[in-house]
Amino acid sequence: MRAEGVSPWGTLVFEVMSQQTPIPRVQPIWERWMRDWPGPADLAAAPTADVLIAWDRLGYPSRALRLQQCAAAVAARPGGRVPADMDELMALPGIGPYTASAVSCFAYHRRVAVLDTNVRRVLARTLDGREFAPSSSPGRRERSRAESLLPDDGEACADWNVALMELGALVCDQRAPRCEACPLASECAWLAAGRPAAEVRPRGQAWAGTDRQARGRVMASLRAAHVEGRPLTRADALSAATLPGADPAQASRAVDGLVADGLAVADPVTRDLGLPG
DNA sequence: AAAACGGGGAT
DNA sequence: ATCCCAGTTTT
């Protein structure tokens, strides 16, 4: 979390959860998570099934798996402490450039730019006069420019990064920017240019009918079966994975994929499915 | 460079 | 009923 009194590990957990999920949905899960598993060693020692159930529907259950792997990696470090350096952070499972920079800055007040999609959009609009950042991930140019804007003091950097992230999330909205409420309106190149629309709109992912939806249905059944203390038969798993009007091969692909990803385990004899121990 | 990977909320 | 959102890993 980006607040006082939160441990570096708590910050890391919060930022991992926030990777694809809005803060309001993350907050209650994070509170309970940190109560149950305050430190990396606690999470590393927990049954993976409990971790996946606590993760609930935050999205992409493989991220919960990696977070537990990350906990083990951190617990194995000297003092069991979260590293402060970008390179050491990025070497941890599930930690990429975004989370590494967020932890480095928010937990350790390192002078690092935190470039999430909201910040990239704010900079693209105010400085480049473009509606969106170039669609790919931030490159050298973007990062060095963002760094050149940072305050000198590390603590001020944390405030700066949080401010830009919030501005992008709440005011400089992707679809409906509230320029009338924007503190940067008078200096914004995009607003000055009349808010020109980008040639290519970023295309969202399809959801209905995808393998991801089928996998999500199976995960929901696995969680329910686990809390009821029963296994899930393969037939029931396939049934859960069968979407209306879908390719018949999709269900088995979804179930087998979950097993391959370590999100489900299959009994070698009965083929019953369960969450990993 | 591109695809795979959930699930909810706004419109 | 549609559209939209995000960072990490794998291919």
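Scope of the values below: all heavy atoms of this structure, side chains included, with no hydrogens, waters or symmetry mates. So that the names make sense, note that chain A is the first sequence line, chain B the second, and so on, each numbered from 1.
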Self-check item: Nearest-neighbour nucleotide for the A:Pro61 side chain, B:dC5, C:dA6, B:dG6 considered
Solution: B:dG6
Quiz item: Would A:Tyr98 pass as stacked on C:dG7, i.e. its ring centre under 5.5 Å from the base's six-membered ring centre and planes under 30° apart?
Solution: no
Practice problem: Could you tell me the separation between the CZ atom of A:Arg63 and the P atom of C:dT9, rounded to a whole number of Å? | Solution: 11 Å
Quiz item: Are side-chain heavy atoms of A:Val82 and A:Tyr108 found at a separation under 4.5 Å?
Solution: yes
Quiz item: Does any donor atom in the side chain of A:Thr99 or A:Gln19 lie under 3.5 Å from an acceptor atom in the other side chain?
Solution: yes
Practice problem: Between C:dT9, B:dG7, B:dC5, spot the one nearest the side chain of A:Arg223, thanks. | Solution: B:dG7
Exercise. Starting from P on B:dG8, measure out to CZ on A:Arg212 and report it in whole angstrom.
Key: 13 Å
Self-check item: Distance test, side-chain N/O of A:Thr99 to OP1/OP2 of C:dT8, below 4.0 Å
Solution: yes
Self-check item: Contact nearer the 5' end of DNA chain B, comparing A:Asp173 with A:Gly59
Solution: A:Gly59
Self-check item: N/O (side chain, A:Arg57) to phosphate O (OP1/OP2, B:dG8) under 4.0 Å
Solution: yes
Exercise. Answer yes or no: does atom CZ of A:Arg195 have more than 12 heavy-atom neighbours from other residues, nucleotides or ligands under 6.0 Å?
Key: yes
Quiz prompt | Under 4.0 angstrom between A:Arg175 side-chain N/O and B:dT11 OP1 or OP2 | solution = no
Exercise. Would you kindly give the CD1-to-P distance between A:Ile23 and B:dG7, to the nearest whole Å?
Key: 19 Å
Quiz item: Can a donor-acceptor pair under 3.5 Å be found between the side-chain atoms of A:Gln20 and the base atoms of C:dG7?
Solution: yes
Quiz item: Is there a donor and acceptor pair, one atom on the side chain of A:Gln205 and one on the base of C:dA6, closer than 3.5 Å?
Solution: yes
Quiz item: Please, which pairs that meet side chain to side chain donor-acceptor pair (under 3.5 Å) have at least one residue in residues 41-54 of chain A, sequence neighbours excluded?
Solution: A:Thr48-A:Gln68
